[in-house]
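Just passing along the structure, written as structure tokens.
Throughout, protein chains are lettered first and strands after them, A, B, ... in sequence-line order, and every chain is numbered starting at 1. Since this is a predicted model, take the numbers as computed values, not measurements.
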Number of protein chains: 2
Amino acid sequence: MEIKEVFAQNLRAARQQKGLSQEELAHRAEIDRTYISSLERSIYNASIDVVERLAIALEIQAADLLRRPPSDT
Amino acid sequence: MEIKEVFAQNLRAARQQKGLSQEELAHRAEIDRTYISSLERSIYNASIDVVERLAIALEIQAADLLRRPPSDT
DNA sequence: TTGTGACTTGTAGTCCGTT
DNA sequence: CAACGGACTACAAGTCACA
């Protein structure tokens, strides 16, 4: 499993946990709505500043968005 | 402090902890030596696949390379 | 052994839309 | 509300010569 897939899953899970739509998250993180959609579908390898902006908007640690599930380690 | 600076410091610290030169790490991670030099000088916002390749070469977690020092939180 | 400048190429990231 | 397309711009990715 590639890191961008891990990131995609963590991102979607964290966003839904907060009850946010892609558009609301996009606004908070100042990132394009369609790009967040792409990230959740594992299209791109986000750069670390995008990871951090999303983490801040989601009120979690940037490192948490890259954390692999226990079953995968 | 920007995330790329956090990453740069963590990268250099982890590399030196392993007693590796930039060139040796470059070889292990299959990344150009001068690019690693750039990353350690906070030139770029690395993408998450590069972060992971370096983490694997350093035998640490990708998330650890993004972790901010306690004094910074 | 590492830093740096100059450069090219590939992909990250934006903005418009439709389904 | 989200998936998806095309066309674009910005910047990461990768290479080289040299200090």
Subject >> Rounded distance (Å) that lies between atom C1' of D:dA12 and atom CZ of B:Phe7 >> reply: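 In whole Å, D:dA12 C1' lies 12 Å from B:Phe7 CZ.
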**OP:** Using only heavy-atom distances, decide whether a donor-acceptor pair under 3.5 angstrom links the side-chain of B:Arg33 to the base of D:dG14.
**Re:**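 No, the side chain and the base share no sub-3.5 Å donor-acceptor pair.
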**OP:** Would you kindly give the CG-to-P distance between A:Leu11 and D:dA3, to the nearest whole Å?
**Re:**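 Atom CG in A:Leu11 sits about 11 Å away from atom P in D:dA3.
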Original post:
Between C:dT1, C:dT14, C:dT4, which nucleotide has the shortest distance from any of its atoms to the side chain of B:Ser21?
Top reply: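 For the B:Ser21 side chain, the nearest candidate turns out to be C:dT1.
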**OP:** List the steps and the verdict of salt bridge (charged side-chain N to carboxylate O under 4.0 Å, His left out) for B:Glu59 and B:Lys18.
**Re:** CA-CA 9 Å; B:Glu59 300 175 298; B:Lys18 288 281 174 181; 3.1 Å; yes
Original post:
Toward the 5' end of DNA chain C, which comes first, B:Arg12 or A:Ser47, by nearest nucleotide?
Top reply: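 Mapping each residue to its closest nucleotide by heavy atoms, the 5'-most match is B:Arg12.
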Original post:
Of all the nucleotides listed (C:dT14, D:dA2, C:dT4), which has the minimum atom distance to the side chain of A:Gln22?
Top reply: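 When the side chain of A:Gln22 is considered, D:dA2 is the closest of C:dT14, D:dA2, C:dT4.
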**OP:** Using only side-chain N and O atoms of A:Arg15, determine if any of them is under 4.0 Å from OP1 or OP2 of D:dA2.
**Re:**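 For D:dA2, OP1/OP2 do have a side-chain N/O of A:Arg15 under 4.0 Å.
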Original post:
Picking from D:dG14, D:dA2, C:dT2, which would you name as closest to the side chain of B:Glu23?
Top reply: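 The answer is C:dT2, which lies nearest to the side chain.
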Original post:
Looking at the side chain of A:Tyr44, which of C:dT1, D:dT15, C:dG13 is the nearest nucleotide?
Top reply: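 Looking only at heavy atoms from C-beta outward on A:Tyr44, the closest nucleotide is C:dG13.
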**OP:** Look at all strands and tell whether B:Ile31 reaches a base, only sugar-phosphate, or nothing, counting heavy atoms closer than 4.0 Å.
**Re:**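 Counting heavy atoms under 4.0 Å across all strands, no contact is made by B:Ile31.
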Subject >> Verdict with supporting geometry, A:Arg68 and B:Glu52, salt bridge (charged side-chain N to carboxylate O under 4.0 Å, His left out) >> reply: CA-CA 11 Å; A:Arg68 289 179 179 275; B:Glu52 170 152 87; 2.8 Å; yes
Original post:
Is A:Thr34 touching bases, backbone alone, or none of the nucleic acid, heavy atoms closer than 4.0 Å?
Top reply: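 Contact class for A:Thr34: base.
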**OP:** Keeping the roles fixed (side chain from A:Asp32, backbone from A:Ala26), state whether a donor-acceptor pair exists under 3.5 Å.
**Re:**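 Judged by distance alone, no pair lies under 3.5 Å.
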Subject >> Pair assignment for D:dA7, Watson-Crick or G-U wobble, requiring both distances under 3.5 Å >> reply: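 By the stated definition (distances under 3.5 Å), C:dT14 pairs with D:dA7.
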**OP:** Mind calculating the distance between NE2 (A:His27) and C1' (C:dT14) to the nearest angstrom?
**Re:**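 Taking NE2 of A:His27 and C1' of C:dT14, I get 17 Å after rounding.
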**OP:** Choose from C:dG13, D:dA3, C:dG3 the nucleotide whose nearest atom is closest to any side-chain atom of A:Tyr35.
**Re:**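 Nearest to the side-chain atoms of A:Tyr35, counting from C-beta on, is C:dG13.
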Subject >> Nearest-angstrom distance from the residue atom CD1 of B:Ile43 to C1' of D:dA12 >> reply: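 Answer to the nearest Å: 12 Å.
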Original post:
Are OP1 or OP2 of C:dA12 and a side-chain N or O of A:Arg53 less than 4.0 angstrom apart?
Top reply: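 For A:Arg53, the contact criterion (side-chain N or O under 4.0 Å from OP1 or OP2 of C:dA12) is not met.
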Original post:
What is the distance, rounded to the nearest whole Å, between atom CD of A:Glu40 and atom P of D:dA2?
Top reply: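 For the pair A:Glu40 CD and D:dA2 P, the rounded distance is 8 Å.
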Original post:
When the distance from CG of A:Leu20 to P of D:dA2 is rounded to whole Å, what number comes out?
Top reply: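 Value for this atom pair: 10 Å.
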**OP:** Under the side-chain hydrogen bond (donor to acceptor under 3.5 Å, both in side chains) rule, what do B:Ser37 and B:Arg33 come out as? Steps first, then yes or no, please.
**Re:** CA-CA 6 Å; B:Ser37 171; B:Arg33 176 191 71 75; 5.4 Å; no
**OP:** Give the intermediate values and the outcome of salt bridge (charged side-chain N to carboxylate O under 4.0 Å, His left out) for residues B:Glu40 and B:Arg15.
**Re:** CA-CA 10 Å; B:Glu40 289 192 356; B:Arg15 177 177 65 78; 2.6 Å; yes
**OP:** Send over the distance from A:Ile36 CD1 to C:dA12 P, rounded to a whole Å.
**Re:**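 From A:Ile36 CD1 to C:dA12 P: 16 Å.
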Subject >> Whole angstrom value for the distance that separates C1' of C:dG13 from CG of B:Asn45 >> reply: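 For the pair B:Asn45 CG and C:dG13 C1', the rounded distance is 12 Å.
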